Amino acid sequence: MKNTFKAVPVAEGVWWVGAIDWNIRDFHGYQTQRGSTYNAYLVVADKITLIDTVKAPFQEEMMTRIASVIDPGKIDYIVSNHSEMDHSGALPAVIAAVNPEKVFASTVGAKTLKELFPLDRDITPVKDGETLSLGSCTLTFLETRMLHWPDSMFTYIKEKELLFSQDAFGMHYASLERFADECDPALLSYEAATYYANILLPYSPLVQKLIEKVTAAGLSFRIIAPDHGPIWRKETGGIIGSYAKWAAQKPEAKAVVVYATMWQSTEKMARAISEGLAAGGLHVKLMEMDATHRSDVAYELLGASVLAVGSPTLNNHLLPNIADILTYLKGLKPKNLIGAAFGSYGWSGEAVKQIEDVFAEMKIEKAEGIRVKNVPNVELLSRCYELGKEMAEKVRCRL
Ligand code: FEO
């Protein structure tokens with residue numbers, strides 16, 4: 001049967017040759033409800049170059065897409081922009097199959113690839129700003145260290161104003177549409193924000209510096225081709241502007257209340273705090289952790305100014321799903337939050353202090369914590385409501 005996996009033209013001489021993973025639903029704790037793509041790109045110039053590869057099980061799909069354009073044995077160069085295995089897993093097999101003249105990666109990437117795989121050949125390191133002529137066009141390598149691994153880099157083709165941006169500006173979204181302008185804009189906006197919140201948020205200061213750097217260098221981007229999700233070929237400033245906004249983490253009139261409950265006492269407190277926050281003028285997202293995935297909490301925290309976390313005490317500790325979300329959020333390092341801890345208890349009641357300890361580690365400004373023995377009465381619920389209202393008023397004074 002004739003192969004049905006085809007390459008998709010991106011620009012003159014540039015093809016998408018990646019793979020679509022319709023079924024992946026978890027990416028290191030981040031729920032990828034719409035699957036993903038692993039984007040690889042073929043630049044057909046005097047030197048034929050493959051930019052990134054795919055996750056190992058998708059090697060055949062990538063190779064057959066390449067074969068729809070050229071004989072894969074004609075590939076001269078491979079550039080690894082990012083050595084994480086969703087982009088490099090197929091690299092050893094591709095090197096063995098096509099025997100390229102050279103494989104390029106950042107200085108850290110060259111070492112990392114050798115640590116990840118038993119490669120019996122050298123990887124050529126390239127420095128920030130270094131260029132590589134492919135004959136009819138030139139690649140420029142831009143280090144993007146810690147966005148989001150130490151090895152990460154971009155590759156730019158100035159003649160085409162085309163940026164291969166590895167994970168940055170991507171999203172986990174499996175589709176047969178290859179370009180953002182072919183997709184539902186609301187869905188893209190949601191998935192791009194979710195991806196930023198769950199992957200890039202901790203590196204926001206570096207995102208800001210990178211945007212400043214490329215702006216100062218006067219680089220223009222007609223096409224941004226990330227390693228996941230659709231390619232941006234119209235109004236690339238839109239996604240760059242969104243990154244600038246998300247990276248700034250400017251607080252908005254928004255609060256997130258997450259909680260778990262055993263016998264609904266902590267839930268009553270969560271609802272009273274939420275009502276107070278709303279009465280104070282904030283938009284409130286109330287999220288019960290048995291019904292909510294941690295990656296949705298990360299998404300909702302983009303632009304939030306209040307994070308209230310509630311847990312009853314179970315065997316002197318937090319309920320497990322609250323420990324889970326706190327561990328996850330601690331790693332994501334959200335900024336500019338006021339935090340309140342709350343929870344009911346039967347006899348020991350350590351949970352509120354444990355939440356506050358995590359807030360301290362996260363450098364979250366602490367509001368009053370509220371502990372309730374057994375069931376909150378009307379006065380205690382009123383105190384929860386007032387706590388919400390006070391936090392909202394504090395936020396509104398700062399906006
Ligand atoms: Fe898509 Fe960091 O790998």
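Worth knowing before you read on, the calculation uses all heavy atoms, side chains too, and leaves out hydrogens, waters and symmetry mates. For ligands, and for the atoms within them, numbers begin at 1 and follow the listed sequence. Everything numeric in this text was worked out from a predicted model, so none of it was measured.
Because its NZ or CZ atom is not both nearer than 6.0 Å to the ring centre of Phe342 and within 45° of the ring axis, Arg371 does not count as a cation-pi partner of that residue.
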Distance-only check: which donor-acceptor pairs under 3.5 Å involve side-chain atoms of residues 67-78, not counting sequence neighbours?
| residue | atom | partner | partner atom | Å |
| --- | --- | --- | --- | --- |
| Ser68 | OG | Ala7 | N | 2.9 |
| Ser68 | OG | Arg65 | O | 2.6 |
| Asp71 | OD1 | Gly73 | N | 2.9 |
| Asp76 | OD2 | Ile48 | N | 2.8 |

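Aromatic ring orientation, Tyr196 versus Trp246: tilted (interplanar angle from 30° to 60°). Using the six-membered ring where Trp is involved, His82 and His87 have ring planes that are tilted, between 30° and 60° apart.
Among Tyr243, Trp232, Tyr195, the one residue that satisfies the ring-ring contact (aromatic ring centres under 6.0 Å, His included) test with Phe169 is Tyr243. When each of Ile224, Val10, Val14 is checked for a side-chain contact (heavy atoms from CB on, under 4.5 Å) with Phe164, only Val14 meets the rule.
Panel detail: atom 2 (Fe) of ligand 1 has protein N, O or S atoms under 2.8 Å away, 4 in number.
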